[in-house]
Structures are given as C-alpha cells and as structure tokens.
2 protein chains.
Amino acid sequence: MPRAGLDPAVVVSAAAGLADEVGLPNVTMGLLAERLGVRPPSLYKHVAGQADLVRRIAVLALTEVGDDLRDALQGRAGRDALEAAARTIRHYVLEHPGRYAATVRLEPQGPDDPMDAAGKRVLTSLAAVLEGYPVDPTDTIHALRLLRSLTHGFAVLEAAGGFQLDTDVDESFAWLVDFVDRGLRRTD
Amino acid sequence: MPRAGLDPAVVVSAAAGLADEVGLPNVTMGLLAERLGVRPPSLYKHVAGQADLVRRIAVLALTEVGDDLRDALQGRAGRDALEAAARTIRHYVLEHPGRYAATVRLEPQGPDDPMDAAGKRVLTSLAAVLEGYPVDPTDTIHALRLLRSLTHGFAVLEAAGGFQLDTDVDESFAWLVDFVDRGLRRTD
DNA sequence: AGCCCAAAGCTAACGACGTTAGCCAGTCGG
DNA sequence: CCGACTGGCTAACGTCGTTAGCTTTGGGCT
C-alpha cells in the first residue's frame, strides 16, 4: 500500500475544494477520502474528526478573505476602499460558498483559538476602511458591526438565492455601498 | 398501543420547540419521537422526512415572524416603525434560534411553495416600513434588500456569538437603526 | 548498509441515524 | 356491529462517523 503523502494542509485544502463543489453538508469523510485516494479512517491521522475539519476550513477561509482584503485595500481609501472591501467579500462568498459556510458556525472556544486570529485580521481590514471616514472613535465598534452584518447578510442571502431575480443584484449591491458611504460621510 | 393523537401541526410544533432548545442540527428523528412519546418510524405518517420537517419549521417561523411584524407595526410609521420591525426580528431570532435557522436554507423550489407565501408576508411588512420614507419607487427593492441583509446578518452574528462582548450589542443595535433611519430620510 | 520505530495506511466493527417495509390495533362511519 | 382507514409498532437496511488494532513503509541513527 503506497503512501499517499497526505498532511493536514492537503486534507483541509481538498475538503475546502470539495465543500465549494458539493456544499459543506455534503462533505462526507467517505467522499473526501475517495477524493484523496485513501480510505476514510486514514483521514483521522491528519484531522481529529469532522468538527475539527470544518473548523480548519473556517480558519482557511478567514485567512484567505483576510489576504484578499489586504490586497484589495492597498492604496485605497474612503468610498473606494469601502467598495473594494464589499466587492472582495461578496466575490469570495460567491466563489467559495462551501468554505464560507464553514465560518458561519461556531463561537470562538479556546483562548488561543487560531480562528480568532484569522477573524481579527478581517476585522482589522474592515476597521481600516473606516479610517477614511469621520467616524467618532466610540462609534467605530458600531460601524464595524454595521459592515459585518451587512456584508454577511447580503452574501448569505445572495448565495442562498434568497433574492428574487426581478431586479439585478449588482445594482442593489452598488446601491447599498452608496447608502453606507453616504451615511458614514456625514459628521453630525 | 394507545394513539398519541399526532398530526402534522403537532409534530412540526414539537420539532420547532426542540430546535430552539437543542439547536436545529440536533433535532433528530429519534429525539423528536421520544419527545412525542412515539417511535421514530411513526413520524413518517405525518411528515415526509427530515427535509420536509425542516421546511415546515421554516414556514412556521416565517409565518410567526410575519404575524409579529404585523402586530408590531400597527399604528407606527417612519423611524418608529423601522425600530419596531428591527426589534421584532431581532427578538424573534434570539427567542427562537432553532426555528430561524431552518429559514436559512435553500431557494424556493415549487411554484406554489407555501414558504414563498410566508416569506412574502414578511417582505410586505418590511415594505410597509419603507412607506414612511421618501424612497424612490425604483429604489424600493434596494432598500428592501438593505433591510433584509442587515437584519439577517445582525441577527445571525448575534445569535452565533460573533460579536465580542466588550461593547453592548443593544447599543450597536440602536446605532444601526439610527444609521438606517437617517440614510432613508435623505431625499437627494 | 542495515536496523528500528514512529507514522501512515489498511480492514473490521460498532453505534447513531434516517428511512422503508410490512404488520396490527384502535376508531369511526355506515 | 362490522369493516376499512389510519396511526401506531417491530424489524431491517444503508450510510456515515468513528475507534481499535494490525501492517507496512521509510527516514534517521549507528
């Protein structure tokens, strides 16, 4: 029996790809094993179980989104940055629905949770977007929650097909960005 | 063997309660049967299976939210209505996380889908909120998507414990309502 | 070069769960 | 009072996640 040369990273990466293809709930240990040319029990040499697997996919997704955001925000500020950030997140969710679905779950558990770190990086990027607006420091946390709620809600609804098709979603997206931009620009 | 007096409504109601208690993913046919004093196969006399069950829970949830919204919006308009609607949805999700989780799933399927009807009632209420604002008719759809995305995203993040505890979530909620209210009031 | 043992794969098996088939009793209309 | 429909049951199967325990590989140390 030849070695397959697996390690946690390879397994998680394959699982993430599979999740995007068939949907997170359909990522079964058997299917993943088959994809990797291995028998299901062998996977347990690399991940602790299905829960652990999903958690690792979530970390991967948050890390990737964080990277994408960092790239997208380079040299941008204000409305430009807001639009870029929103577009980046929306694009990622549409492109990687399975990965993103893994992040919609679990409360942070341990104190030194690797998911926390990845999540914080995303938050940092969103906070950077707010730098370009006259937001009172005490309101920053609220504005951050606005951005998170809105991007998350929009992405989930679009990915789940929750919007009727009558009107273009792109148009709504642009409208929403504009709405937030205007609201954040006001100083009173 | 005495009759248990079940019917679809009783089964779905019990399942919804169970979902709120133990979380939707943990609503197993066995657990639900036990709760109803019955053996698992008996449930299939009333619902077609687990997928059907979740779908019916979703319809129940949308119907209840629709009712709550209708009540909450009685005699209110403008900012008052907006705040009432947002509070109603937020309250429902916190009170019935399992039921709400059932609605976060897939695209309407059949043409005469009972879920569509229930969903439309909710949308109608949200549209009524917008009546009190100077929103251009062509922008109504966008504003509706704003409300849906924001309420949904906020509710999910709060229910999932996605917000850090440093700052009060109630405060952020009030800030968000205010933000949307101001944005919708402007006419240009 | 050759040994050795940790790691990585395997088979077998178990328990939980959803679901189907088929049987039997309780109830209700005629 | 009878019969048939209905709602409950037991038995059984397939899938899935997971554990136990065996085998083999291959890298590192002598």
Side-chain angles (χ1 to χ4, degrees), chain A residues 1-60 98-99 101-106 109, chain B residues 1-60 98-99 101-106 109-110 115:
Chain A
M1 40 196 97
R3 294 289 171 105
L6 299 186
D7 63 50
V10 172
V11 171
V12 172
S13 173
L18 204 51
D20 290 338
E21 285 178 41
V22 304
L24 187 64
N26 299 320
V27 175
T28 177
M29 297 303 259
L31 186 58
L32 176 58
E34 184 184 0
R35 174 70 59 104
L36 289 167
V38 135
R39 300 292 186 156
S42 304
L43 298 176
Y44 291 80
K45 296 287 164 135
H46 306 289
V47 294
Q50 209 172 29
D52 179 44
L53 185 63
V54 171
R55 194 164 193 81
R56 286 170 188 254
I57 294 175
V59 173
L60 175 65
R99 287 161 150 89
T103 70
V104 187
R105 288 301 231 287
L106 341 139
Q109 47 194 29
Chain B
M1 40 195 96
R3 294 290 171 104
L6 300 186
D7 63 53
V10 172
V11 171
V12 171
S13 173
L18 204 51
D20 290 337
E21 285 178 41
V22 302
L24 187 63
N26 299 319
V27 174
T28 178
M29 297 303 258
L31 186 57
L32 176 58
E34 185 184 358
R35 174 69 58 103
L36 289 167
V38 135
R39 300 293 187 154
S42 304
L43 298 176
Y44 291 79
K45 296 288 164 126
H46 306 289
V47 295
Q50 208 172 31
D52 180 44
L53 185 62
V54 171
R55 196 165 190 79
R56 286 171 188 255
I57 294 175
V59 173
L60 174 65
R99 287 160 150 90
T103 70
V104 186
R105 285 308 225 288
L106 292 183
Q109 46 196 28
M115 208 165 95

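Basis for what follows: all heavy atoms, side chains included, without hydrogens, waters or symmetry-related copies. We name chains A, B, ... by the order of the sequence lines, and we start the count at 1 in each one. Every value quoted in this text rests on a predicted model; they were computed, and no experiment measured them.
To the nearest 0.5 Å, the span separating CZ on Arg35(A) from OG1 on Thr28(A) amounts to 12.5 Å. The distance from atom CG of Leu43(A) to atom CG of Leu53(A), rounded to the nearest 0.5 Å, is 8.0 Å.
As rounded to whole Å, 13 Å separates atom C1' of dT15(D) from atom CG of Asn26(A). If you take CG of Leu43(A) and C1' of dC16(D), they are 13 Å apart, rounded to a whole angstrom. Counting to the nearest Å, the C1' atom of dA20(D) and the NZ atom of Lys45(A) are 10 Å from each other. Taking atom CG on Asp7(B) and atom C1' on dG8(D), their separation rounds to 15 Å, with Å as the unit. dG17(D) atom C1' lies 16 Å from atom CZ of Arg39(A), rounded to whole Å.
Residue His46(B) has a polar side-chain atom (N or O) positioned under 4.0 Å from OP1 or OP2 of dG8(D). For Ser42(B), no side-chain nitrogen or oxygen approaches OP1 or OP2 of dG7(D) to under 4.0 Å.
Summarising the local packing, CD of Glu21(B) is surrounded by more than 12 heavy atoms from other residues, nucleotides or ligands at distances under 6.0 Å.
Applying side-chain contact (heavy atoms from CB on, under 4.5 Å) to Leu32(B) and the options Leu18(B), Val47(B), Val12(B) leaves one that passes, Leu18(B).
Sequence neighbours left out, the pairs with a member in residues 38-52 of chain A that pass side chain to side chain donor-acceptor pair (under 3.5 Å) are Asp52(A)-Arg56(A).
Nearest approach of Ala102(A) to Ala58(A), heavy atoms of both residues: O-CB, 3.6 Å.
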Point to revise | Sequence-aligned protein contact record of nucleotides 16-21 of chain C, with B where the base is within under 4.0 Å of a protein heavy atom and S where only the sugar-phosphate is | key: -SSBB-

